Amino acid sequence: VSCAKRAKTPNSELLFLPFRVLLAELEAHQDAWPFLSPVKLKSVPGYRKVIKKPMDFFTIKEKLINNMYLNQENFIIDVNLVFDNCQKFNEDDSEIGQAGHRMKRFFDKRWTELLRKQ
Ligand SMILES: Cn1cc(C(=O)NCCCNC(=O)c2ccc(F)cc2)ccc1=O
């Protein structure tokens, strides 16, 4: 994701360390495979029309690395966008729909654990 590289202040590295750890855990999860890279709009009929703001774990990682998240809120908004898009486009009982529900439950659990520690 090319964007103006923001000044890398040391504390922003530290501030976002928990998010990089959390994102790495999401990517390592066995149910992450539908979300690791952007949905291929040419090969998934209807996706471009239905999903206004596509998002995926790879794009989130790029934004984190390029310091494009100004605050914690924007990081959470993008992660939840991945799961909301999934629930919107996929039936709950579909393979990808089930993976999305499991990933969201996993994320919510780890996120609250991370917050409680702070
Ligand atoms: C979130 N979402 C994803 C798809 C979708 O078709 N996504 C690609 C699946 C194929 N991708 C893989 O199988 C894969 C990718 C990376 C990897 F490391 C291992 C396997 C369709 C609708 C939707 O809402």
Side-chain angles (χ1 to χ4, degrees):
V1 177
S2 62
C3 72
K5 283 210 188 285
R6 283 180 171 64
K8 223 191 250 288
T9 51
N11 67 341
S12 78
E13 289 282 310
L14 211 58
L15 180 75
F16 285 94
L17 187 64
F19 296 148
R20 296 177 78 149
V21 168
L22 187 50
L23 188 59
E25 286 184 16
L26 288 175
E27 290 174 316
H29 196 286
Q30 65 169 13
D31 290 316
W33 56 271
F35 316 106
L36 292 174
S37 49
V39 174
K40 291 177 182 53
L41 300 178
K42 293 184 192 59
S43 56
V44 181
Y47 200 82
R48 185 201 307 272
K49 184 100 185 77
V50 172
I51 300 300
K52 302 305 173 200
K53 292 173 74 179
M55 188 47 65
D56 63 279
F57 295 160
F58 181 80
T59 303
I60 292 173
K61 185 159 68 179
E62 288 287 287
K63 289 177 75 171
L64 257 182
I65 290 168
N66 291 315
N67 269 348
M68 285 170 67
Y69 288 118
L70 293 178
N71 55 42
Q72 304 187 355
E73 193 52 36
N74 291 340
F75 173 79
I76 298 302
I77 287 168
D78 272 356
V79 175
N80 284 320
L81 190 53
V82 174
F83 302 135
D84 296 344
N85 289 344
C86 182
Q87 287 183 27
K88 185 172 184 186
F89 191 78
N90 303 279
E91 299 295 331
D92 286 343
D93 60 358
S94 67
E95 202 184 330
I96 290 181
Q98 283 295 312
H101 284 295
R102 286 194 294 266
M103 287 304 298
K104 176 165 176 45
R105 273 197 301 273
F106 174 77
F107 175 73
D108 288 346
K109 183 172 82 63
R110 294 297 291 134
W111 174 244
T112 39
E113 283 163 4
L114 191 76
L115 271 191
R116 211 179 306 126
K117 256 205 250 153
Q118 277 175 359

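Order of appearance sets the numbers: ligands from 1, and atoms from 1 within every ligand. Hydrogens, waters and symmetry mates are skipped; everything else that's a heavy atom, side chains included, is used. Because the structure is a prediction, the values reported are computed rather than measured.
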**Message:** If the threshold is 4.0 Å, N to carboxylate O, is there a salt bridge linking Lys104 and Asp108?
**Reply:**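 The answer is yes: the pair qualifies as a salt bridge.
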
Dump all N/O pairs between ligand 1 and the protein below 3.5 Å as a table: atom names plus distance, one pair per row.
unit_1	atom_1	unit_2	atom_2	d
ligand 1	24 (O)	Asn90	ND2	2.8

**Message:** Could you tell me if the side chain of Trp33 sits less than 4.5 Å from the side chain of Glu95, heavy atoms only?
**Reply:** yes

**Asked** Heavy-atom count around Glu25 CD within 6.0 Å, excluding the residue itself: above 12?
**Response** yes

**Asked** Does NZ in Lys40 sit with more than 12 non-hydrogen atoms of other residues, nucleotides or ligands closer than 6.0 Å?
**Response**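 No - once you tally the heavy atoms of other residues, nucleotides and ligands closer than 6.0 Å, there are 12 at most.
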
**Message:** Quick test of your reading: applying ring-ring contact (aromatic ring centres under 6.0 Å, His included), list the pairs with at least one residue in residues 75-96, sequence neighbours left out, ordered by first then second residue.
**Reply:** Phe19-Phe75, Tyr47-Phe89, Tyr69-Phe75

**Message:** Do Ile51 and Val79 sit in one hydrophobic cluster, given that two such residues count as connected whenever their side-chain heavy atoms are within less than 4.5 Å of each other, even indirectly?
**Reply:**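 Looking at the clustering, Val79 is in a separate group from Ile51.
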
